Amino acid sequence: MIIRELYLKNFGKFSETKIELEEGFHIFYGENEFGKSTLHAFIRSMLFGLTKGRGRAAKNDLFTKYEPWDQPSYYAGEMTFESGDRTFIISRRFDRYGKSASLVCQTDGEILSVEQGDMDMLLDGMSEAAFENTISIGQTKAETSANLGAELRNYAANYYCSGNSEMDVERALAILKERRKTVENRQKEIRKKKQEKREKVEQQAAYISEEIERKQAEEEQISKNIEQGKQEEKRIVRTPEEEQSTEKQNVWDVVKIKLLPVVFLAGVAGISLLFQGILKWSVLSGAIILEIVFLWKLMEAFRQAEEKVQQETEESREAEKREVSLEHEQERHREALRRMVVRRELLREEIAEKQMQYENLCEQGEELMEVSEEYVVLEEKGRAIQLAEDTIRHLSTDVRKEFETRLNEVSSEILCAITDGKYDRIFIDENTNIYLLQGAQKISVGQVSRGTMEQIYFALRMAAAELMYEEEFPVILDETFAYYDERRLENTLRWLAENKRQIILFTCQRRELEMLRKLGIPYHVNG
């Protein structure tokens with residue numbers, strides 16, 4: 001990619017400003033407030049857009065910092081660049097109410113779409129974070145951020161796993177993680193629903209079990225009451241005394257009917273014999289007296305017997321009443337027994353029905369303990385997703401090691417070139433921690449001078465850009481060489497001239513201009 005023209009319609013302090021750029025070194029020279037950082041931010045914004053932050057962050061974001069001084073509602077610009085053998089122009093509006101972007105190929109007039117990723121394709125998939133950590137070095141920002149490590153790991157996994165750097169392995173892992181989460185959530189939902197159903201079934205079963213126990217206890221008590229009732233029924237019969245009183249009453253009835261006529265006839269016969277002269281009067285009078293006494297005694301006995309009979313009759317009546325009452329009691333007792341028997345049979349039927357319901361609920365509970373077909377499918381799907389994640393991570397680990405080896409080699413070659421061979425071996429681990437290797441000694445980047453540290457990070461940035469992108473992008477340097485001594489600066493400028501097609505350098509010093517002139521390296525300058 002070669003940037004050919006910047007057109008700042010309204011951006012920061014610039015308005016309706018056009019700047020043409022050339023290949024090789026293009027230097028923007030000027031003192032502070034010249035607008036160098038604004039131009040740097042403009043290039044970045046044209047490549048990746050510019051979005052206003054939210055909340056407190058909005059006060060210090062790039063959108064607010066470079067919002068036009070005049071006409072802030074007209075916040076826009078254009079950039080013309082070459083990619084491959086074609087020329088493109090990208091136009092952007094940044095203001096919050098009219099934000100838009102358009103991309104046109106000037107070579108053949110094709111209209112492309114920024115929204116659909118055509119600009120990302122021309123940038124070879126470079127992200128804004130990668131831009132900031134490779135080809136763009138801001139003021140005193142040679143040190144890379146943690147974002148570079150993530151970009152390098154992702155690129156390595158993408159390229160070596162698929163042969164295509166456009167494949168986003170980190171995104172693939174994120175998608176797999178999200179799918180696994182979806183599967184786990186669905187499994188959790190299934191388990192929760194089953195648990196709720198199981199708890200409901202268990203509650204119903206417990207309630208029915210209590211009902212069965214209660215009804216069984218009632219049925220057992222009724223059975224005991226029935227047995228006691230049967231025993232009581234045997235005791236409710238007529239007593240022997242009642243039977244005897246009835247018999248005595250019958251005997252005295254016979255005496256009154258049969259004995260009194262005999263006594264009367266005996267008296268009549270005696271009187272008849274007296275008149276016939278058979279008996280003497282003295283004998284007869286004595287007999288009569290005896291008979292009278294006998295009759296009196298007999299009548300007294302009759303009276304007493306009659307009283308007794310009346311008493312026994314009353315007693316008999318009372319007995320009859322008691323017998324009637326007893327029959328009623330027997331009938332009531334039999335009715336109570338019948339009702340208890342009916343209630344017991346009803347309870348037994350209800351117990352049988354409840355036991356059947358309980359058994360059905362127990363079967364439902366056992367079925368709910370079983371794993372459903374959907375859950376089995378989800379488990380298999382979850383295992384497949386986990387296997388895919390593990391495989392990608394395993395392959396990523398292997399290929400990242402291979403990429404790290406290559407990154408170490410290229411970074412070491414660049415560092416060796418710009419330090420005159422003083423440092424020729426760099427080791428960069430998977431977390432982008434950097435070390436210098438001198439023999440068996442491993443030196444942390446924090447242990448070297450600031451100038452050497454700047455060169456190490458410069459070498460890492462250039463190596464990363466070379467390995468990650470087939471497209472060669474302009475290198476944008478904003479006051480990058482403040483800590484370089486003359487020798488370091490000379491070596492670095494020479495390396496850039498030999499290896500990069502376009503270098504955009506922002507500086508407030510003439511040192512870089514004089515060094516380029518000394519080295520005989522052509523350059524273009526705005527200032």
Side-chain angles (χ1 to χ4, degrees), residues 48 115-117 120-121 123-134 144-202 363-409 427-435 460 463-464 467-470:
F48 301 102
E115 290 78 10
Q116 294 182 8
D120 294 336
M121 180 183 65
L123 289 171
D124 205 6
M126 177 186 288
S127 67
E128 190 170 0
F131 172 81
E132 288 293 320
N133 282 279
T134 54
T144 58
S145 70
N147 290 331
L148 179 59
E151 291 285 341
L152 291 172
R153 288 191 297 272
N154 190 51
Y155 172 83
N158 295 344
Y159 188 82
Y160 285 94
C161 285
S162 65
N164 179 5
S165 60
E166 293 181 0
M167 176 183 172
D168 192 338
V169 170
E170 292 295 330
R171 177 167 174 75
L173 287 172
I175 291 173
L176 288 173
K177 181 179 179 181
E178 188 64 27
R179 289 180 179 175
R180 177 162 50 82
K181 186 177 179 181
T182 301
V183 169
E184 290 172 352
N185 288 340
R186 178 56 184 158
Q187 287 179 310
K188 184 177 180 180
E189 182 181 349
I190 291 174
R191 289 195 300 270
K192 182 180 179 181
K193 287 183 177 179
K194 273 198 168 187
Q195 180 64 24
E196 290 174 353
K197 289 181 180 179
R198 190 160 55 244
E199 289 176 355
K200 186 176 181 180
V201 167
E202 289 174 354
E363 289 179 3
Q364 290 180 28
E366 291 175 359
E367 290 175 359
L368 289 170
M369 292 293 290
E370 297 176 357
V371 179
S372 66
E373 183 177 349
E374 181 185 3
Y375 195 87
V376 172
V377 171
L378 288 170
E379 277 192 333
E380 293 176 354
K381 189 174 182 179
R383 285 194 293 268
I385 292 172
Q386 186 63 56
L387 178 61
E389 288 185 78
D390 294 342
T391 302
I392 290 175
R393 287 195 179 95
H394 178 71
L395 292 174
S396 297
T397 300
D398 293 340
V399 299
R400 283 172 184 169
K401 289 180 180 178
E402 182 180 347
F403 179 77
E404 287 166 7
T405 300
R406 181 61 182 152
L407 181 64
N408 290 334
E409 291 175 353
F427 174 74
I428 306 164
D429 65 17
E430 60 181 5
N431 297 317
T432 329
N433 296 315
I434 306 172
Y435 304 92
L460 172 59
L467 293 176
M468 291 172 66
Y469 308 109
E470 294 181 6

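Just so it is clear, the structure is predicted and the values come from calculations on it, not from any experiment.
Residues passing the side chain to side chain contact (heavy atoms under 4.5 Å, CB included) test with Lys381, sequence neighbours excluded: Val183, Ile385. Partners of Glu409 by side chain to side chain donor-acceptor pair (under 3.5 Å), not counting sequence neighbours, listed by chain and number: Arg406. Partners of Glu379 according to the side chain to side chain donor-acceptor pair (under 3.5 Å) rule, which considers only residues two or more places apart in sequence or in another chain, do not exist here. Scored by the side chain to side chain contact (heavy atoms under 4.5 Å, CB included) test, Val201 finds Leu361, Gln364, Leu368 as partners (sequence neighbours excluded). Taking the salt bridge (charged side-chain N to carboxylate O under 4.0 Å, His left out) definition, one finds that Glu184 meets it with Arg180, sequence neighbours left out. With sequence neighbours left out, the ring-ring contact (aromatic ring centres under 6.0 Å, His included) criterion links Phe48 to Phe131. Contacts of Glu374 classified as side chain to side chain donor-acceptor pair (under 3.5 Å), with partners at least two apart in sequence or in another chain: Arg186. With sequence neighbours excluded, the residues that form a salt bridge (charged side-chain N to carboxylate O under 4.0 Å, His left out) with Lys193 are Glu189. Residues that satisfy the side chain to side chain donor-acceptor pair (under 3.5 Å) test with Arg198, not counting sequence neighbours, are Gln195.
The shortest non-hydrogen separation linking Tyr469 to Ala130 is OH-CB, 3.1 Å. Annotation for Tyr375 and Ile190: closest pair CD1-CG2, 4.0 Å, computed over non-hydrogen atoms.
The CD atom of Glu380 lies 13.0 Å from the CG atom of Leu387; values are rounded to the nearest 0.5 Å. Here the CD-CG distance, from Glu128 to Leu123, works out to 10.5 Å after rounding to the nearest 0.5 Å. To the nearest 0.5 Å, atoms NZ (Lys181) and NZ (Lys188) are separated by 10.0 Å. Atoms CZ and CG, on Arg383 and Leu378 in that order, are 10.5 Å from each other to the nearest 0.5 Å.
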Report task. Could you give me the CA-CA distance, side-chain angles and deciding distance for Leu460 and Leu407, then say whether side chain to side chain contact (heavy atoms under 4.5 Å, CB included) is met? Result -> CA-CA 8 Å; Leu460 172 59; Leu407 181 64; 4.0 Å; yes
